[in-house]
Amino acid sequence: MDDVIGERKADHIEISLKENVQALKATTGFEDVNLIHKALPELEKEKIDLSTTVFGYKFSAPFFVGAMTGGTQKATKINAAIAEAVEELHLGMGVGSQRIAIDNPKVEYSFSVVREKAPTAFIIANIGGPQLVSKYGVKEAKRAVDMIKANALAVHLNSLQEAVQPEGDTNYANLFQNICKLAQELPVPVIVKETGAGIAAEEAAMLEAAGVAGIDVAGAGGTSWAAVEYYRAKARNDDVSQRLGETFWDWGIPTAVSLVETVKSARVPVIASGGIRTGIDVTKSLALGASLASATFPFLESATKGSEDVKKALRYLIGEVRNAMFLVGASSVQKLQSIPVVVTGKTAQWLTLRGFQPEVYARRKL
Ligand SMILES: Cc1cc2nc3c(=O)[nH]c(=O)nc-3n(C[C@H](O)[C@H](O)[C@H](O)COP(=O)(O)O)c2cc1C
């Protein structure tokens with residue numbers, strides 16, 4: 001069983017590195033989110049304060065590297081590289097699903113290496129929603145947290161991926177109850193995250209009611225898990241799953257839509273992710289009310305090379321955030337969360353049809 005999961009984890013990394021697993025026709029919607037250029041920013045670019053405190057932790061910039069991997073040798077290297085980089089830059093990271101190490105403690109180091117290399121960074125443990133239905137409870141969730149001395153635990157929702165895999169765990173019945181229990185009983189903040197198909201207003205409201213500490217929308221427009229499963233199916237001549245992967249490649253709620261819906265429906269910190277590729281995307285996310293943004297795929301290749309490459313990629317992105325904040329005249333993250341934003345096109349249409357009025361799209365105070 002562990003070997004099977006290990007192999008699957010290795011496949012995910014190899015396929016993501018070699019094939020195009022990004023959305024094809026779906027976009028994040030950030031192309032419809034317009035920031036207003038300020039010809040008179042009235043501030044000094046180098047004095048802009050990018051730091052922000054979320055979940056009781058002070059991030060040097062409103063960004064962390066999303067959940068990716070663990071359980072294999074290559075994953076250990078990837079996790080170590082990201083951890084070293086985020087430690088030096090005072091940021092955070094998520095680890096991949098810890099199911100493999102909960103079931104087999106021999107591979108724990110591929111996760112705990114993260115805390116070893118990043119003693120003070122914000123580290124997010126990770127377990128899968130379907131496992132909360134089938135076999136895990138508070139005890140296993142605590143183990144995942146303890147394994148890496150995590151600051152928070154993410155429960156990932158990946159119904160799209162599970163539904164496309166032949167071996168997928170498609171029992172999502174009563175997951176919500178289990179999330180409620182976890183949110184009440186776990187000693188660290190519980191964040192619920194999607195994995196590339198987004199979270200709608202209805203689920204965001206339910207998750208707030210469950211008592212979760214944060215919601216990571218992980219919407220469509222970036223990495224597509226249907227695409228990853230398409231390539232896995234193709235390699236083993238499984239034409240049924242291959243066809244499912246192809247048909248559902250672009251499935252999901254665009255990230256910008258999911259972000260506005262969630263921000264407007266749940267009074268908890270919201271993380272913008274799914275196709276965040278530049279500092280402009282991060283800046284737009286915060287202007288729409290996100291507390292933090294996150295990206296995963298953009299750090300995969302650099303992480304296979306080492307921490308210097310990850311640091312370089314992070315510095316580019318954070319430099320872009322600073323630049324965009326300068327151009328919109330925001331001297332702090334808090335100020336950025338109250339600048340004007342114009343949402344146009346399909347994103348505005350979608351939100352209007354869902355009952356979100358353009359003039360009140362942006363931000364709400366926590
Ligand atoms: C190779 C790879 C492995 C991933 N593994 C996990 C995982 O184990 N747990 C999880 O919550 N999300 C996982 N994700 C999903 C990401 O955390 C993120 O939600 C998704 O990729 C969308 O963000 P992106 O477009 O920036 O990649 C993985 C993503 C990639 C690319």
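Here, residue 1 is the first one in the sequence, and each next residue gets the next number. Whatever order the structure lists ligands and atoms in, that order sets their numbers, starting from 1. All heavy atoms count here, side chains included; hydrogens, waters and symmetry mates do not.
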Determine, using heavy atoms of S16 and all atoms of ligand 1, whether some pair is separated by less than 4.0 Å. yes
Tell me whether L175 at atom CG has more than 12 heavy atoms from other residues, nucleotides or ligands lying less than 6.0 Å away. yes
When you measure from the side chain of K38 to the backbone of G329, do you find a donor-acceptor pair of N or O atoms at a distance under 3.5 Å? no
Under 4.0 Å from a heavy atom of S97: which atoms of ligand 1 are those, numbered in the order shown and with their elements? 7 (C), 8 (O), 9 (N)
Once rounded to the nearest 0.5 Å, what's the spacing between atom CG of D216 and atom OG1 of T195? 10.0 Å
Looking only at N/O atoms, are T223 and ligand 1 under 3.5 Å apart anywhere? yes
For atom 5 (N) of ligand 1, what's the nearest protein heavy-atom neighbour? Residue, atom name and distance, please. M68 O, 2.8 Å
Atoms of ligand 1 under 4.0 Å from any heavy atom of G275, numbered from 1 in the order shown, are 24 (P), 25 (O), 26 (O)
Check for me whether Q22 has a heavy atom closer than 4.0 Å to any atom of ligand 1. no
Below 3.5 Å, N or O to N or O, backbone or side chain included: is there any such pair between A67 and ligand 1? yes
Should you measure from each heavy atom of G96, which atoms of ligand 1 turn up under 4.0 Å away? 7 (C), 8 (O)
Taking the side chain from S110 and the backbone from G70, do they hold a donor-acceptor pair closer than 3.5 Å? no
Would you check the N or O atoms of T69, main chain and side chain alike, for any that come under 3.5 Å of an N or O of ligand 1? no
Applying a heavy-atom cut-off of 4.0 Å, say which part of R277 lies close to ligand 1: side chain, backbone, both or neither. side chain
Judged by non-hydrogen atoms, does T195 sit under 4.0 Å from ligand 1? yes
Give the ring-plane orientation class for W249 versus Y231, where under 30° counts as parallel, over 60° as perpendicular and anything between as tilted. perpendicular
What residue and atom, counting heavy atoms only, is the protein's closest point to atom 19 (O) of ligand 1, and at what distance? K193 NZ, 3.1 Å
Atom 2 (C) of ligand 1: which protein heavy atom is closest, and how many Å away? W225 CZ2, 3.7 Å
Any N126 heavy atom less than 4.0 Å from ligand 1: yes
Ring geometry between F59 and F64 (parallel below 30°, tilted from 30 to 60°, perpendicular above 60°): tilted
Say whether S241 and Q165, considering side chains only, have a donor N or O and an acceptor N or O under 3.5 Å apart. no
Atoms of ligand 1 close to A295 [distance to a heavy atom under 4.0 angstrom, numbered from 1]: 26 (O)
List the closest protein heavy-atom neighbour of atom 18 (C) of ligand 1: residue, atom name, distance to the nearest 0.1 Å. T296 OG1, 3.6 Å
Considering the heavy atoms of G222, write down every atom of ligand 1 situated less than 4.0 Å from one of them. 25 (O)
Numbering the atoms of ligand 1 from 1, which are under 4.0 Å from a heavy atom of A218? 19 (O)
For E194, atoms of ligand 1 separated by under 4.0 Å from a heavy atom: 19 (O)
Would you say R322's side chain and D49's backbone share a donor-acceptor pair under 3.5 angstrom? no
Salt bridge or not between K305 and E301? Use side-chain N to carboxylate O under 4.0 Å. yes
Could you state the interatomic distance from CG (L160) to CG (L244), rounded to the nearest 0.5 Å? 9.5 Å
Would you find a donor on one side and an acceptor on the other, under 3.5 Å apart, between the side chain of S97 and the backbone of N126? no
Identify whether the distance between the nearest side-chain nitrogen and carboxylate oxygen of K135 and D103 falls below 4.0 Å. yes
G274 near ligand 1, heavy-atom distance under 4.0 Å? yes
